[in-house]
S.K.: 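Before I ask anything, here is the structure I am working with.
If you read the sequence from its start, that first residue is 1, and numbering goes on from there. Just so it is clear, the structure is predicted and the values come from calculations on it, not from any experiment. Scope of the values below: all heavy atoms of this structure, side chains included, with no hydrogens, waters or symmetry mates.
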Amino acid sequence: MAEAERGGAAPRYRGALHPDTWEQELEAIPMFMKRCPDEIDPARQPDLACLQSLLFDEEQDPAALARMYKNEGNEYFRERDYRRAVIAYSEGLKKKCEDPELQAVLHTNRGAAQFHLGNHRSALNDAIQAKKLKPTHLKAIIRGALCHMELKNFSEAIAWCEEGLRIDSKEKKLVEMRAKADKLKRAEERDARKAKMMEKKEQRQKEILLAAIKERNIKLVLEPSNEEKEISDGLAEISLDGFHSDNATGAKVHLDADGNLNWPVLFLYPEHEQTDFIAAFHENSRFIDHLMVMFAELPPWDLERKYLPSNLELYFEDEERAEMYELNPEHTLLQVLQHQRYFVKAGTPTVLAFVKRSPFSKKYFSGKKVHRL
């Protein structure tokens, strides 16, 4: 005491809180704790360990332990710590007490915590279990209906609402949810009908398109498929979903208002590794007409200024026989596509363009069989 007086400081009692750290020290005392630690170390926190053992003594009655865990879960739920709440309610359920009402409450509460975590399927399972234990448990029925709404099971949500309304016909949440579920169900059914009609319309359009292609004796080649296809009139019956070319522009072969086919066509220039793409090449248009437009101005990669419409030769390749066929630029696209050895691959006709009598074309055709005009 004398030393304290000489130092000018007030006397400190044994176990007293330090004036600089009193808040942290107070937080360590179980009675004043704002939050229980995740893990309790008996060596470092003997007071907490003792309280824990008193609360959750395994020798206690299972129902008493289940209620303890329920209360603990409720505290976590109020703090919006839904993950810990789920753990606490689960521990309570593990005690397998013989009180069905308490078990139903634990399932309902755990379902509510799971719902707030976004685990709607797990929350629904808890609501189902709670309803089995206590068929008149309105909170479980409301929770189950909410889960079905989130899972977009509108028919099931309506059934749960009606079940709850038989217990309490004035329950506001169920009345409002029943009306909302019915509205959403009707909208869903309407959208499904529209989608079905659109699907049928698109299917019919594709069938008309394929009939027009067959009628013109145009031969198609598809990418390999696991689905079996019947062969009819020398033309593979096409899987309608996989017929169109998958090009960057999304262009597809289509029938115009006059019943004429318009094709996406790819031009390749092997010498310069360049390409041109025509999204809608009318079947009755000539190749020379497109060349006149495409090369009205020479492309920047044609440094030698050789790619003039009158100086170009067009070919297509017969991949099966590894042979080349020269095309007449005065011919229409339809005339070319009707060639006995032309096969349209993946919905996009392809043509190769070369400069006449160029060293590159001679080298390119070397060793290949070429059918010239």
Side-chain angles (χ1 to χ4, degrees), residues 213 216-224 234-236 238 242-253 260-373:
I213 294 172
R216 289 161 171 78
N217 294 318
I218 297 172
K219 296 166 287 299
L220 304 169
V221 177
L222 295 180
E223 296 297 332
L235 175 66
I238 298 165
F243 167 65
H244 295 304
S245 58
D246 184 17
N247 54 65
T249 67
K252 301 174 182 179
V253 58
N260 297 307
L261 288 173
N262 290 261
W263 294 83
V265 176
L266 182 64
F267 285 79
L268 304 178
Y269 310 108
E271 183 175 358
H272 296 278
E273 298 181 346
Q274 297 291 328
T275 63
D276 270 323
F277 184 77
I278 299 175
F281 195 133
H282 192 285
E283 63 180 347
N284 294 325
S285 293
R286 301 181 305 165
F287 279 88
I288 187 62
D289 296 328
H290 282 281
L291 291 176
M292 294 294 290
V293 174
M294 291 190 299
F295 293 99
E297 294 184 10
L298 294 176
W301 43 264
D302 182 19
L303 300 179
E304 299 179 24
R305 305 178 66 81
K306 298 184 298 183
Y307 279 73
L308 302 170
S310 60
N311 198 34
L312 296 178
E313 293 177 337
L314 302 180
Y315 294 83
F316 74 83
E317 185 173 6
D318 182 347
E319 294 184 5
E320 182 181 346
R321 297 181 179 179
E323 298 177 358
M324 304 291 294
Y325 287 82
E326 186 179 1
L327 308 181
N328 185 345
E330 299 290 335
H331 281 179
T332 64
L333 175 60
L334 179 58
Q335 287 176 298
V336 172
L337 296 184
Q338 289 177 329
H339 190 285
Q340 61 179 355
R341 292 306 304 168
Y342 199 101
F343 296 87
V344 179
K345 187 175 181 181
T348 304
T350 302
V351 175
L352 294 86
F354 300 89
V355 174
K356 292 178 180 179
R357 296 176 294 278
S358 68
F360 178 85
S361 65
K362 291 178 181 178
K363 182 178 179 181
Y364 188 90
F365 294 133
S366 177
K368 296 181 181 179
K369 184 175 182 179
V370 181
H371 301 267
R372 299 190 183 275
L373 293 174

S.K.: Any non-hydrogen side-chain atom of L268 less than 4.5 Å from a side-chain atom of V351?
M.R.: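 No, side chains not in contact.
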
S.K.: With sequence neighbours left out, write down each residue that passes side-chain contact (heavy atoms from CB on, under 4.5 Å) with S358, or none if nothing qualifies.
M.R.: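 Result, side-chain contact (heavy atoms from CB on, under 4.5 Å) vs S358: E271, V355, F360, S361.
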
S.K.: What distance do E313 atom CD and L352 atom CG have between them, rounded to the nearest 0.5 Å?
M.R.: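 With rounding to 0.5 Å, CD (E313) is 12.0 Å from CG (L352).
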
S.K.: Taking only residues two or more places apart in sequence, or in another chain, which ones meet P309 in a side-chain contact (heavy atoms from CB on, under 4.5 Å)?
M.R.: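 Counting only residues at least two positions away or on another chain, P309 forms a side-chain contact (heavy atoms from CB on, under 4.5 Å) with I288, L291, M292, F295.
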
S.K.: Sorted by first residue and then second, give each side chain to side chain donor-acceptor pair (under 3.5 Å) pair with at least one member in residues 286-296; sequence neighbours left out.
M.R.: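 Matches after skipping sequence neighbours: R286-D289, R286-E330.
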
S.K.: Going by side-chain contact (heavy atoms from CB on, under 4.5 Å), name the residues that satisfy it together with H282, two or more places apart in sequence or in a different chain.
M.R.: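 side-chain contact (heavy atoms from CB on, under 4.5 Å) list for H282, sorted by chain: D256, N260, N262, N284, S285.
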
S.K.: Short question: side chain of N217, backbone of Q338 - any donor-acceptor pair under 3.5 Å?
M.R.: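 Pair absent, no side-chain N/O of N217 close to backbone of Q338.
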
S.K.: Which heavy-atom pair separates P264 from G347 by the least distance, and what is that distance?
M.R.: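 P264 and G347 have their closest heavy atoms at CG-O, 3.7 Å.
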
S.K.: So do the side chains of I278 and L266 get within less than 4.5 Å of each other, counting heavy atoms only?
M.R.: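 With C-beta onward as the side chain, the pair stays apart.
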
S.K.: Does F343 reach the side chain of L220, with side-chain heavy atoms less than 4.5 Å apart?
M.R.: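 Not in contact.
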
S.K.: Can you check whether F281 and F287 have ring centres sitting under 6.0 Å from each other?
M.R.: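 Under 6.0 Å, so yes.
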
S.K.: Name all residues meeting the side-chain hydrogen bond (donor to acceptor under 3.5 Å, both in side chains) criterion together with Q335; count only those two or more places apart in sequence or in a different chain, and write none if there are none.
M.R.: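 Partners of Q335 under the side-chain hydrogen bond (donor to acceptor under 3.5 Å, both in side chains) test: T332.
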
S.K.: I'd like to check the salt bridge (charged side-chain N to carboxylate O under 4.0 Å, His left out) partners of E297; sequence neighbours left out, ordered by chain and number.
M.R.: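 Once residues adjacent in sequence are excluded, E297 has no partner under the salt bridge (charged side-chain N to carboxylate O under 4.0 Å, His left out) criterion.
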
S.K.: Could you tell me if the side chain of T348 sits less than 4.5 Å from the side chain of V265, heavy atoms only?
M.R.: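 No, every pair of side-chain atoms sits at 4.5 Å or beyond.
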
S.K.: Less than 3.5 Å apart, which donor and acceptor atoms pair up between the side chains of residues 362-373 and the rest of the protein, not counting sequence neighbours?
M.R.:
from : atom 1 : to   : atom 2 : distance (Å)
H371 : NE2    : E323 : OE1    : 2.9
R372 : NH1    : Y315 : OH     : 2.5

S.K.: What pair of heavy atoms forms the shortest contact from P270 to A353, and how long is it?
M.R.: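 Closest pair (atom of P270, atom of A353, distance): CD-O, 3.6 Å.
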
S.K.: Is the shortest heavy-atom distance from the side chain of Q274 to the side chain of F267 under 4.5 Å?
M.R.: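 In short, these two side chains do not touch, never coming nearer than 4.5 Å.
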
S.K.: According to salt bridge (charged side-chain N to carboxylate O under 4.0 Å, His left out), who are the partners of E319, at least two apart in sequence or on a separate chain?
M.R.: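 Here the qualifying residues are K345.
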
S.K.: Measure the spacing between CG of L314 and NE2 of H331 and express it to the nearest 0.5 Å.
M.R.: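 So the gap between those two atoms works out to 12.0 Å.
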
S.K.: Short question: side chain of K306, backbone of K356 - any donor-acceptor pair under 3.5 Å?
M.R.: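 Checking the backbone N and O of K356 against the side chain of K306, no donor-acceptor pair under 3.5 Å is found.
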
S.K.: Hey, could you give me each pair passing salt bridge (charged side-chain N to carboxylate O under 4.0 Å, His left out) that has a residue in residues 272-285? Not counting sequence neighbours.
M.R.: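 Those involving residues 272-285 are R216-E283.
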
S.K.: Under the criterion side chain to side chain contact (heavy atoms under 4.5 Å, CB included), I'd like the reasoning laid out for W263 against K252: C-alpha separation, chi angles, the key distance, then a yes or no.
M.R.: CA-CA 7 Å; W263 294 83; K252 301 174 182 179; over 6 Å; no

S.K.: Under the salt bridge (charged side-chain N to carboxylate O under 4.0 Å, His left out) test, which residues partner D318, sequence neighbours left out?
M.R.: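 If we apply the salt bridge (charged side-chain N to carboxylate O under 4.0 Å, His left out) test to D318, skipping adjacent residues, the hits are R341.
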
S.K.: List the residues meeting ring-ring contact (aromatic ring centres under 6.0 Å, His included) with Y342, not counting sequence neighbours, and say none if there are none.
M.R.: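 By the ring-ring contact (aromatic ring centres under 6.0 Å, His included) rule, Y342 matches F316.
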
